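Structure, as structure tokens:
Bear in mind that the values here come from a model prediction, so they are computed numbers and not experimental data. Chain naming here is simple, since letters A, B, ... match the order of the sequence lines and numbering starts at 1 in each.
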Amino acid sequence: MEWLGPEEWQAVRLSLRVSFWATLSGLPPALLAAYALARWRFPGKQLLNGLVHLPLILPPVVTGYLLLLTFGTRGPIGSVLQEIGLVFAFRWTGAALAAGIMAFPLLVRAMRLSLEAVDPKLEQAAATLGASRLWVFVTVTLPLILPGIIAGAVLGFAKAMGEFGATITFVSNIPGQTQTLPSAIYAFLQVPGGEHAALRLVAVSVAVAMSALLLSEWLARRAQRRVSGT
Amino acid sequence: MEWLGPEEWQAVRLSLRVSFWATLSGLPPALLAAYALARWRFPGKQLLNGLVHLPLILPPVVTGYLLLLTFGTRGPIGSVLQEIGLVFAFRWTGAALAAGIMAFPLLVRAMRLSLEAVDPKLEQAAATLGASRLWVFVTVTLPLILPGIIAGAVLGFAKAMGEFGATITFVSNIPGQTQTLPSAIYAFLQVPGGEHAALRLVAVSVAVAMSALLLSEWLARRAQRRVSGT
Amino acid sequence: EEVVVFAAASLKTAMDEIAPAFEAQTGHEVTVSLAGSSALARQIEQGAPADIFISANEAWMDTLEEDGLLAPGSRSDLLRNSIVLIAHGADAVPVEISPALDLPGLLGEGRLAMALVDAVPAGIYGKAALESLGLWDTALPQVAQADNVRAALALVSTGEAPLGIVYATDAAADDNVSVIGTFPEDSHPPIVYPVAELAGREGAAAVAFLAYLHGSEARAAFEAQGFEVISQPGAGD
Amino acid sequence: MTLSVDLRHRFKGFELDARFEAPKGITVLFGRSGSGKTTIVNAVAGLLRPDAGRVAADDLVLFDTARSLWLPPHRRRIGYIFQEGRLFPHLSVRQNLRYGAWFSPKRVTPAEVDRVVEMLGIGGLLERRPGALSGGEKQRVAIGRALLSSPRMILADEPLAALDEARKSEILPYFERLRDEAEIPILFVSHSAAEVARLATTVVVLEGGRVTRQGPAVEVLADPAVTPLGARAAGAVLSARVARHHEDGLTELDAGGTALFIPRLEAAPGTPVRVRIAAHEVILSRQRPEGLSALNIISGEVQEIRAGEGPGMLVSLDTKAGRVLARITRRSAKALQLAPGTPCHAVMKTVAVAPEDIGGQGRDVSK
Amino acid sequence: MTLSVDLRHRFKGFELDARFEAPKGITVLFGRSGSGKTTIVNAVAGLLRPDAGRVAADDLVLFDTARSLWLPPHRRRIGYIFQEGRLFPHLSVRQNLRYGAWFSPKRVTPAEVDRVVEMLGIGGLLERRPGALSGGEKQRVAIGRALLSSPRMILADEPLAALDEARKSEILPYFERLRDEAEIPILFVSHSAAEVARLATTVVVLEGGRVTRQGPAVEVLADPAVTPLGARAAGAVLSARVARHHEDGLTELDAGGTALFIPRLEAAPGTPVRVRIAAHEVILSRQRPEGLSALNIISGEVQEIRAGEGPGMLVSLDTKAGRVLARITRRSAKALQLAPGTPCHAVMKTVAVAPEDIGGQGRDVSK
Ligand SMILES: Nc1ncnc2c1ncn2[C@@H]1O[C@H](COP(=O)(O)OP(=O)(O)OP(=O)(O)O)[C@@H](O)[C@H]1O
Ligand SMILES: Nc1ncnc2c1ncn2[C@@H]1O[C@H](COP(=O)(O)OP(=O)(O)OP(=O)(O)O)[C@@H](O)[C@H]1O
Ligand code: MOO
Ligand SMILES: [Mg+2]
Ligand SMILES: [Mg+2]
């Protein structure tokens, strides 16, 4: 597309990368949280539940600010992670972290909903056939909740594509590093007459997300067909 | 709570009202959309799917801007609705509209996931017992997807409580009319020394949302128990 | 009578003082909507029920004026601000801001936090200042742009970025940063907050409020926040 | 009311092509696992849209692909007892039972509900949800739910498979009564020869999606060629009346002048009953046998001898009590020199006339 | 290996309190719907944690509430055939069958898989998913899945209820072989008297959550007091050998010198077989009867006469072929003046010895 400048292309690529990794690396912890919430009983369960929902409840700026305080180079977690070479500040990784955290509640809910719909009788059957808890999860539960995982991933990816407030607050806007599509769009909207440029980027953003959506629908249909067992 | 000024109380009340109505009035259209996406085949289905996800994909500011353009007093829809006395611009109803639209994809996904998990054999059984499509839906499908509806409503409510970008862009930040908790938090964060006041409001926001969450968990457990049929 | 004021969010503290005082004095009712200048300007374009607009951004006020949305003759410059270079820490060593400033040396590996340099006024002014000082090209690769000044300040305040460029009004109140230099006034276009009454919304209360803003009580409130109030020929005192 | 069925449908690796008539009474669909029984039942209920065909109940066409006619399931008013229960998990047993009544044009009286509940022995379960029921309990509730929906027709897909004999023998009379009293056709899928033999008015035998045999139960069951039924299904049904009850626990029946002894039957003298005598339990004798423990001897003469596959033959006796079938070996037939017209005695034990082979109309079957 | 079960568990409105031993062989749990069979089986499998009790297989304690011992289900190595199938919907039939092997310490050979697949007649379904199977097909896959998991013990909850007679008679021998050859105990829930009679080594009768009768099958089945089994379950098992095959389709067996005729059995002369003779199909006679169509007559003398409820009596005959049971009426017993020691002849028809009542060890049961 000629009508996108190189910096804008960069933003597109970055947004894709950020959203992809945000979703992907969000999946395992989200699955764990969903499993814990759906299946386990433990003290502080409602606390975990609340924590998971927090990014949804808080205005994104606040989330971004809290991220800055904890995952920043001087933050309690950020400083430790830095020791092992994991830096979030002003990096695309930070953008992915912010997007991932914002998408987290959506991932968890979708998975949890699917987990709660899994027939425990099938899991029992697997256990009688010798599968340990972990194997039951891998061979029965996981395939059965695949539609939920896909649904969660789609929501998460879409959310990550659109996330702006927390990202820019946490890692600011550095072209090529942390300037995602929404940041670029936001910048255009701040100046009089920037609407057209902004709309062009919105169109790109929508196109990208729609492709992801179509792909996910296709995957979900396949998974659903597997699960419904015909 | 003495440490909240009257204007802040107003914001709390308004946020609750906005989130409540956003969620409540979002439920029926979300259910319809979820049903259409889960069960029907029609041309333009993927378009609808995309449209539903749009508020997630777009940066909230863009959504707010688009709302302003369409539902504002001069917008094509806004001006028509104004004729019949339905005004969104700079009213709490507009805040509810914005929050509702932002929450919409979350409502739809949760319901759709539940709908896809409903065993069609039960619906068939209901049909053989004389229940028409609509009655099957009301007496079988709906109760069975109740956990999904609750999950969606919780997500939606939480999202509505935290929604800020689209709201402030669409209906501005008018105390008592459109100043929700997140807008108030934002305003505090824009001035030196406002952080403490902002944190107080964040705490209130979190407390309110957590109560809603606990309530929903309780409801969901009941619904789940109904569905699992023991 | 009611006055609806759309004001840039950075004026919150001042407006929280001014509005009740005005109400007490005149019996009018003031409603203040605080948001980003661009959002407010767009809303006014779409027919927002605002009587008065105080913008932190001249460009948006210009746009509204061109579109004929301002009450003719009501526009004036209300406040002036300055931009400063801040560093993390309560007692950082001051520097002299001149073309000789060794920004890369001060930054080291770190970032220079600014507001969006092409979109948000504080960023635009900062960029203009650095350009006029010939520092922009060397600084550019290390600039981190936040979506507003407050976020830029937060980056420095938390130590994420060693240096930042923010409004003097913002820097003053934060104990974790120190102002290490003020950009010369001639290094950037004047930083002014214009105010205007909106077309078709003229009323006695609006006029009164406008006058009040330029008056001495308001001046005290603005100055307490670090703003410089621009004297109006023929206004108040 | 007669149900006429004509269906063609393909699954991958399976082709259904079935045409039959189910008159008033119970039509049993009989066939091996995977022969297409459930497929047919689903098509009649409207849960499967077959590739082609027509199903009509008298003048009411349920569907007809030739005329693009399709009555949706909920307008067919069919009481379908599913092979796998399909109870509504979110409703209590009581609500499950009432479900059909919500949509039924006819009112279901509380007395009717009580009677079905009592017959099925689910009175103690009414407030439970299906998740807390045993396998057989679920199946009984499913039966009740279908029966209480005031159906125009009943489809029962192995309704009794999960039940114990005692429970079966409590429910079977109910189906018999439906068969004998109500006008509604019943399509009944069963694997149990005893059930088929007892209930069927009409038998339709399916093999690999095709109807290989159909007709009145008495004929089909008496046919040695109907292998899937197994040798044990052949039998004759005699009409009799209760004559008197004896002190030693036996009830004497009068079958066209011949006395038959069966275990005590709770029915007043004079009550008409149907007694099924399984062909494989009848022994033939040329002389009237003496000194046997078997109490029931019916005299008659050979009407027909049919040879099937294997070593068995089916002998039809014409007796005053009616037609009696006996399955004997070729070797015995030769030894006894049987031929049409040969006078002969049919011997069967009292206890061979088992309780579940006795159906009656005058009995209070709800007990 | 012996399984000892001792369980106490309460559901609302139901109380289980059962204690029994299941020795090597097949222990049939028999009882009405809702009597607690599935509850027991679930507890043994570890799917239900009973309030109190202990289950052990020889020295291996599966759980013991007194010692707070609980072996999780997946470490019990139990092949559980569920009452409702429970196939994995996301796996193909083949994958379902192989599932247990993934976790089994023993390797399951392809030959073994093939044999089970062939026996169950599911060779054509291997690539399908459970959603595209008929009810009986699902049940067969479920049986295969459990059998192929190299279990240490088999729990079968009405595994054959959904199957037709022909299919049943193909699968039953497999269970028999497991019973006779493998060392593993099998807990088998069944409502079918014929199945119980044929398979059971041990019978445990449940009523309302309590064990009312338990013991070796021959004893329990011969007991007229065991009403839930129905009169038809009593019977004796004779050991015999194939003597020769006749041209008229009959096979002659030699049971301790007495000749027995049964429909052709595909087994070489000399092959040992077990023949079950249902008590209700035996007629007794003081004189050796002549001119009857019944080919099998065994002579012996009355050993014992037991009266049950109702009009029936169970007569035990001591014959050279072994013990034979006959259920006759009180009236006949009186007429024949039977008493212990009375010489007597047992008469039964050839075809009354039905194919599914023949179990053998030498037969190729996979056919
Ligand atoms: N989860 C439960 N909650 C309450 N009661 C239950 C539950 N599961 C079973 N029951 C009751 O316990 C009793 C025994 O049930 P169980 O499933 O063991 O019966 P069963 O002998 O297997 O019967 P069937 O032959 O009908 O399968 C029944 O009365 C049943 O209603
Ligand atoms: N959805 C499907 N897709 C493909 N094949 C199917 C499907 N449903 C059924 N079949 C096949 O169609 C055939 C007939 O199935 P049907 O369920 O009618 O058998 P049935 O006679 O009811 O058997 P059973 O006694 O085992 O319940 C079977 O071979 C089955 O495998
Ligand atoms: O609204 Mo601002 O004060 O331009 O950052
Ligand atoms: Mg079927
Ligand atoms: Mg059971």
Side-chain angles (χ1 to χ4, degrees), chain B residues 27 31 34-36 38-42 110-154 216-230, chain D residues 38 41-49 62 71-93 95-106 108 128-133 138 141-142 144-157:
Chain B
L27 283 176
L31 194 53
Y35 198 85
R39 297 290 173 84
W40 295 338
R41 285 164 157 234
F42 52 97
M111 293 180 192
R112 180 174 168 190
L113 210 48
S114 288
L115 272 169
E116 280 166 350
V118 168
D119 187 353
K121 297 192 165 182
L122 292 178
E123 298 178 322
Q124 291 181 345
T128 67
L129 289 163
S132 65
R133 276 265 199 89
L134 183 68
W135 277 114
V136 171
F137 182 76
V138 172
T139 58
V140 176
T141 319
L142 203 58
L144 289 178
I145 63 169
L146 209 57
I149 294 181
I150 294 174
V154 175
S216 80
E217 287 294 325
W218 182 78
L219 285 174
R221 253 202 313 281
R222 285 192 40 163
Q224 186 66 38
R225 217 173 307 137
R226 281 186 79 100
V227 172
S228 68
T230 47
Chain D
T38 300
V41 171
N42 278 340
V44 173
L47 303 183
L48 174 90
R49 240 188 156 107
L62 298 184
L71 204 62
H74 71 276
R75 307 229 339 255
R76 297 193 182 186
R77 284 187 42 221
I78 280 175
Y80 189 164
I81 304 163
F82 294 92
Q83 200 169 2
E84 357 76 69
R86 299 202 194 179
L87 297 182
F88 302 123
H90 57 297
L91 301 181
S92 68
V93 167
Q95 289 167 322
N96 265 284
L97 291 173
R98 282 205 191 136
Y99 191 89
W102 297 347
F103 308 105
S104 156
K106 275 206 296 183
V108 177
R128 290 212 207 144
R129 282 185 201 285
L133 299 183
K138 277 186 198 135
V141 175
R145 186 178 67 173
L147 296 180
L148 288 173
S149 67
S150 330
R152 154 152 72 201
M153 172 186 338
I154 287 179
L155 307 178
D157 199 352

Check whether [X] gets within reach of chain B through its side chain, its backbone, both or neither, counting any heavy atom under 4.5 Å.
X	answer
D:R145	both
D:L87	backbone
D:R75	neither

Close side-chain approach of B:L122 to D:P89, heavy-atom, < 4.5 Å: yes
Atom CH2 of B:W135: over 12 foreign heavy atoms under 6.0 Å: no
Whether over 12 other heavy atoms sit under 6.0 Å from D:R98 CZ: no
Chain B contacts, top residue of D:N42, D:L47, D:I78 (heavy-atom pairs, under 4.5 Å): D:L47
Nearest-0.5 Å distance, CD of residue B:Q124 to CZ of residue D:F82: 6.5 Å
Nearest-0.5 Å distance that lies between atom CZ in D:F88 and atom CG in B:L129: 5.5 Å
Nearest heavy atoms of B:V136 and D:Y99, plus distance in Å: CA-OH, 4.4 Å
Between B:A131, B:A125, B:S132, B:A126, the one whose heavy-atom pairs under 4.5 Å with chain D are most numerous: B:A131
Side chain to side chain contact (heavy atoms under 4.5 Å, CB included) assessment of D:H90 paired with B:L144: CA-CA 7 Å; D:H90 57 297; B:L144 289 178; 3.7 Å; yes
